[in-house]
Amino acid sequence: MADTSRRPGRPRDTSIDERALASARELLAEQGFEATTIQAVAVRSGVHASAIYRRWSSRIELIEDAAFPMESPLKVSPTGDLREDLRRFIRAYADTFSDPATRAAAGPLLAYRRSDAGYGAAYQRVSVRPQFFAILHSAPPGTVDPSIDPNDVFDMLLGAVWTRIIVPITDSRPDPIERTVEMLVRMLRP
């Protein structure tokens with residue numbers, strides 16, 4: 001009896017995805033968001049545009065996957081040590097957004113997605129807010145003031161990290177991550 005589970009035709013070339021994503025990351029870092037088009041990715045990667053469109057329905061989806069891969073390094077599992085968990089979280093967040101491709105894509109993607117009906121779902125995919133909440137939730141009792149809104153704390157943290165990444169620092173204050181952790185711990189303290 002013949003095996004009917006096999007599909008006729010060539011097997012899918014698994015290298016196409018990585019070549020297209022790598023080329024998109026390179027274009028983002030070198031030429032910016034606007035220059036990162038499906039055609040530019042096709043030329044750089046040697047992958048036909050139709051093959052790219054079979055995997056990503058738009059350049060926005062391709063850029064999202066290139067700039068924010070699902071296997072993001074920003075997976076910080078809480079240990080219950082609030083100070084250390086915050087330190088690891090902030091360092092991972094800063095490292096992720098310090099990547100030139102991610103930095104080039106983040107602002108334009110946010111602006112694009114805010115005008116898109118699918119914005120909420122797309123944002124949730126890259127949001128690290130739930131990880132931050134898990135860190136606060138795993139902190140020892142009495143370490144986090146229950147009257148503080150964790151959304152407000154996260155928003156302040158987001159602003160602090162983004163400012164450090166985007167705005168060139170002209171002073172020589174040491175270890176911004178440590179200072180940010182210290183401020184957060186003070187703010188969260190009951």
Side-chain angles (χ1 to χ4, degrees), residues 25 28-29 32-34 36 58-190:
R25 282 190 289 275
L28 283 165
F33 182 83
E34 291 304 320
T36 306
S58 70
R59 85 180 187 104
I60 297 299
E61 288 181 12
L62 172 61
I63 290 172
E64 283 175 339
D65 283 354
F68 300 101
M70 293 304 282
E71 64 280 348
S72 169
L74 193 48
K75 296 274 189 258
V76 178
S77 299
T79 65
D81 180 339
L82 181 62
R83 187 177 298 274
E84 183 57 30
D85 288 348
L86 287 171
R87 183 179 295 112
R88 289 176 28 250
F89 179 82
I90 294 168
R91 190 171 316 281
Y93 191 78
D95 288 349
T96 297
F97 283 92
S98 292
D99 175 76
T102 302
R103 196 170 52 244
L109 282 175
L110 185 59
Y112 177 83
R113 285 299 190 185
R114 284 198 56 85
S115 67
D116 182 10
Y119 166 71
Y123 175 75
Q124 283 301 102
R125 184 178 144 239
V126 298
S127 176
V128 294
R129 192 176 296 260
Q131 286 188 54
F132 180 73
F133 291 172
I135 288 170
L136 297 184
H137 183 70
S138 73
T143 349
V144 176
D145 185 343
S147 68
I148 290 180
D149 183 345
N151 283 297
D152 289 340
V153 177
F154 181 80
D155 291 345
M156 291 175 71
L157 172 60
L158 184 76
V161 172
W162 266 96
T163 299
R164 286 270 177 210
I165 292 168
I166 295 172
V167 178
I169 298 171
T170 56
D171 62 13
S172 58
R173 294 178 295 168
D175 206 353
I177 290 176
E178 255 336 289
R179 288 195 326 279
T180 303
V181 168
E182 185 59 35
M183 286 187 284
L184 281 173
V185 168
R186 286 182 187 180
M187 185 184 346
L188 292 166
R189 192 174 296 144

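Sequence positions, counted from 1, serve as the residue numbers for this chain. All values below come from the heavy atoms of this structure, side chains included, with hydrogens, waters and symmetry mates left out.
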Worksheet item: CD1 of Ile177 to OH of Tyr93: how many Å apart, nearest 0.5 Å?
Response: 12.5 Å
Discussion item. Looking at every heavy atom in both Asp149 and Asn151, which two are closest together, and how far apart are they?
Written reply: OD1-N, 2.8 Å
Worksheet item: Taking it one step at a time, do Leu82 and Leu136 satisfy side chain to side chain contact (heavy atoms under 4.5 Å, CB included)?
Response: CA-CA 7 Å; Leu82 181 62; Leu136 297 184; 4.0 Å; yes
Worksheet item: Going by atom types alone, do Thr79 and Asp81 pair a side-chain donor with an acceptor below 3.5 Å?
Response: no
Worksheet item: How many angstroms lie between CG in Asp65 and CZ in Arg25, if you round to the nearest 0.5 Å?
Response: 9.5 Å
Item to complete: Please test Met183 against Leu157 for side chain to side chain contact (heavy atoms under 4.5 Å, CB included), starting from the C-alpha separation and ending with a verdict.
Response: CA-CA 10 Å; Met183 286 187 284; Leu157 172 60; over 6 Å; no
Item to complete: Please determine if Glu84 and Arg87 form a salt bridge, counting it only when a charged side-chain N lies under 4.0 Å from a carboxylate O.
Response: yes
Worksheet item: Would a distance-only check, ignoring hydrogens and angles, find a side-chain to backbone donor-acceptor pair under 3.5 Å from Arg59 to Thr36?
Response: yes
Worksheet item: Going from CG on Leu109 to OG1 on Thr102, what distance comes out if it is rounded to the nearest 0.5 angstrom?
Response: 9.5 Å
Worksheet, complete the sentence: All heavy atoms of Ser77 vs all of Arg88, minimum pair found to be O-NH2, 2.9 Å
Worksheet item: In Å and rounded to the nearest 0.5 Å, what is the CD1 to CG distance from Ile148 to Leu188?
Response: 5.5 Å
Worksheet entry | Parallel, tilted or perpendicular, as decided by the 30° and 60° cut-offs, for the rings of Phe132 and Phe89 | tilted
Response to the item:
Closest non-hydrogen atoms of Ala105 and Ala67, given as atom of the first, atom of the second and distance, are CB-CB, 3.6 Å
Worksheet entry | Which atom of Leu28 lies closest to which atom of Phe33, heavy atoms considered | CD2-CA, 3.8 Å
Discussion item. Does Met187, at its CE atom, have more than 12 non-hydrogen atoms belonging to other residues, nucleotides or ligands within less than 6.0 Å?
Written reply: yes
Worksheet entry | Between CG on residue Asp145 and CZ on residue Arg189, distance to nearest 0.5 Å | 11.5 Å
Response to the item:
All heavy atoms of Gly142 vs all of Pro190, minimum pair found to be O-CG, 3.0 Å
Worksheet item: What heavy-atom pair brings Asp85 and Ser138 nearest, and what distance separates the two atoms?
Response: OD2-OG, 4.0 Å
Discussion item. Evaluate Phe154 against Leu184 for side chain to side chain contact (heavy atoms under 4.5 Å, CB included), listing each step before the verdict.
Written reply: CA-CA 10 Å; Phe154 181 80; Leu184 281 173; over 6 Å; no
